[in-house]
Amino acid sequence: MALNGPPFLVATIVFALVLTLLTLAVWNRLPGPKAVRVGVRMLMLTVTQGAAVLVTLVCVNNSYAFYDSWPDLMGTQTGAAQFEDGTSGIRQSSLSAAVPVLASFHQGAQGLQVADPVGARSHIHGQLLVWLPPEYDDPAHAGERFPVVLLLPGQPGTPMSWFDAMNGQDELARLVEAHEARPMILVAAKSNTLGTEDAGCVDLPGGPKTDTWLAKDVPAIVKSRFRVSNDPYDWSVMGYSAGGYCATDLAVHHPNVFHSAVSISGYNAPEAGVVLRRAALREANNPLLVMRRAARQPDVALLLTGSLEDGDTVRDARALVNALRAPATGDVATVARGGHNMDVWQEMLPTAFQWISRHLR
């Protein structure tokens, strides 16, 4: 049974109700000495409370899409790259030597195209979810090459969170219908390549090459399979929280792939432990430091957003925009309330899609 979705939620609710009814039924019928009866009652209360907490956790996961499956939750996804860096003691997993040239996509839930390819350069086995706008199959747009937005989740988080909890495809379709945004292909990619540990979206020495996967393998796969533009000005990358940091970092380092980036409640300094332990990686993947030290900043456009109640991310956003010099450009957009949560990130989507549309070729 899938970790998220109505079936598992209903099962946990039924389980909690059955335990509660069973506790009420046997409460005054327990045999044995008083001490034993009290102990059993305490155990029953603990179990029923645990079941209620489980229902709450499942509801939260359904709302925020932190984990799609049991392997996601346990950090044991099939095909997840594991490497030895000389200190962690983690051994490299065996990956198939046959790297697919063309990813095999199939129809998934909510009209998504789904694939689980192995990156030709990174050798990361990761999920890709692709949403095609209605215009893609419209004869009036035959032959047209569409712009692309690469979507990155937070940590924890999965690609599906962009289509479940965030409802990104519905928001974009609404804006396109209202002539407030351009039709774009949405591509959500696996970025949590270390399971439950934040990989920081970088190429780790002796570890998963997440940067290569996102900036080279994913675009190559998408271009080989779908009718998309080859112009970097028609490629954008967007993420929330840890994914927002990754979006900015990817654009700064790969302006020939992504001309624009949207960071929703992201930050400037990396927070992943595997990055912080390496001084060179820590400095090389701080977008603020990279842009300040650049003799000539890359031609990128950045939108940095956040809630005023989430002060750190807004301060980071303003600091980075203030550090930009031509040809780089940047904007800051804020909302008054909300903090660091999915409600704020959803609220920023219209602004983000409209901004991306204005920066397409």
Side-chain angles (χ1 to χ4, degrees), residues 66-67 72 75-77 79-90 92-93 119 121-128 150-159 161-162 188-219 237-255 257-258 261-293 298 300 302 304 306 312-313 316-317 319-320 340 345:
F66 291 133
Y67 304 102
D72 280 338
T76 58
Q77 306 96 312
Q82 292 186 326
F83 300 81
E84 182 172 5
D85 62 9
T87 59
S88 65
I90 300 176
Q92 182 173 353
S93 63
R121 297 176 179 85
S122 66
H123 304 293
I124 286 175
H125 185 180
Q127 185 184 61
L128 289 183
L150 177 63
L151 304 172
L152 305 177
Q155 173 72 29
T158 66
S161 63
W162 275 100
K190 173 188 177 72
S191 57
N192 298 329
T193 55
L194 282 178
T196 57
E197 185 177 4
D198 188 357
C201 290
V202 304
D203 284 355
L204 291 172
K209 299 182 181 301
T210 313
D211 178 90
T212 297
W213 159 252
L214 294 172
K216 296 181 179 179
D217 288 337
V218 171
V237 55
M238 175 165 61
Y240 60 82
S241 191
Y245 155 76
C246 289
T248 304
D249 200 44
L250 283 171
V252 166
H253 287 93
H254 302 281
V257 180
F258 309 104
V262 178
S263 173
I264 303 177
S265 294
Y267 38 85
N268 294 331
E271 294 188 352
V274 292
V275 177
L276 295 177
R277 290 195 292 268
R278 298 170 170 88
L281 273 183
R282 186 171 63 244
E283 292 191 12
N285 290 280
N286 183 317
L288 179 60
L289 291 181
V290 170
M291 296 303 262
R292 280 178 173 172
R293 295 173 177 177
V300 294
L302 306 178
L304 309 167
D312 291 342
T313 59
D316 275 10
L320 181 53
H340 196 81
W345 305 333

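Only a predicted model underlies this, so the values are computations on that prediction, with no experimental measurement involved.
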Practice task
For residues 266-275, pull every pair meeting side-chain hydrogen bond (donor to acceptor under 3.5 Å, both in side chains), keeping only residues two or more places apart or in separate chains.
Solution key: none
Problem - 4.5 Å side-chain heavy-atom contact, Leu204 and Leu194 - result: yes
Practice task
Not counting sequence neighbours, list each pair that qualifies as a ring-ring contact (aromatic ring centres under 6.0 Å, His included) and has a residue in residues 188-208.
Solution key: none
Practice task
Return the set of residues passing side-chain hydrogen bond (donor to acceptor under 3.5 Å, both in side chains) with Ser265 (not counting sequence neighbours), or none when no residue passes.
Solution key: Trp345
Handout entry: With Asp217 via salt bridge (charged side-chain N to carboxylate O under 4.0 Å, His left out) - residues at least two apart
Key = Arg121
Problem - Separation of His125 NE2 from Trp213 CH2 (nearest 0.5 Å) - result: 8.0 Å
Exercise for the section: Using the test side-chain contact (heavy atoms from CB on, under 4.5 Å), find all partners of Ser191 that sit at least two apart in sequence or belong to another chain. Expected result: Leu152, Pro153, Cys201, Leu214
Problem - Leu276 backbone acceptor or donor facing Arg282 side chain under 3.5 Å - result: yes
Handout entry: Asn192 side chain to Gly157 backbone, donor-acceptor under 3.5 Å
Key = yes
Handout entry: Candidate pair Asp211 and His254, rule side chain to side chain donor-acceptor pair (under 3.5 Å), full reasoning
Key = CA-CA 10 Å; Asp211 178 90; His254 302 281; 2.8 Å; yes
Exercise for the section: Assess whether side chain to side chain contact (heavy atoms under 4.5 Å, CB included) is satisfied between Ser122 and Lys216, documenting all intermediate values. Expected result: CA-CA 9 Å; Ser122 66; Lys216 296 181 179 179; over 6 Å; no
Exercise for the section: Using the side chain to side chain contact (heavy atoms under 4.5 Å, CB included) rule, take Thr158 and Gln127 through it: C-alpha gap first, then chi angles, then the decisive distance, then the call. Expected result: CA-CA 9 Å; Thr158 66; Gln127 185 184 61; 5.6 Å; no
Distance-only donor-acceptor pairs under 3.5 Å for side chains of residues 284-292, two or more places apart:
unit_1	atom_1	unit_2	atom_2	d
Asn285	ND2	Leu281	O	3.0
Asn286	OD1	Leu288	N	3.0
Asn286	OD1	Leu289	N	3.2

Practice task
Only pairs at least two apart or in different chains count here, so list each salt bridge (charged side-chain N to carboxylate O under 4.0 Å, His left out) that has a residue in residues 239-250.
Solution key: none
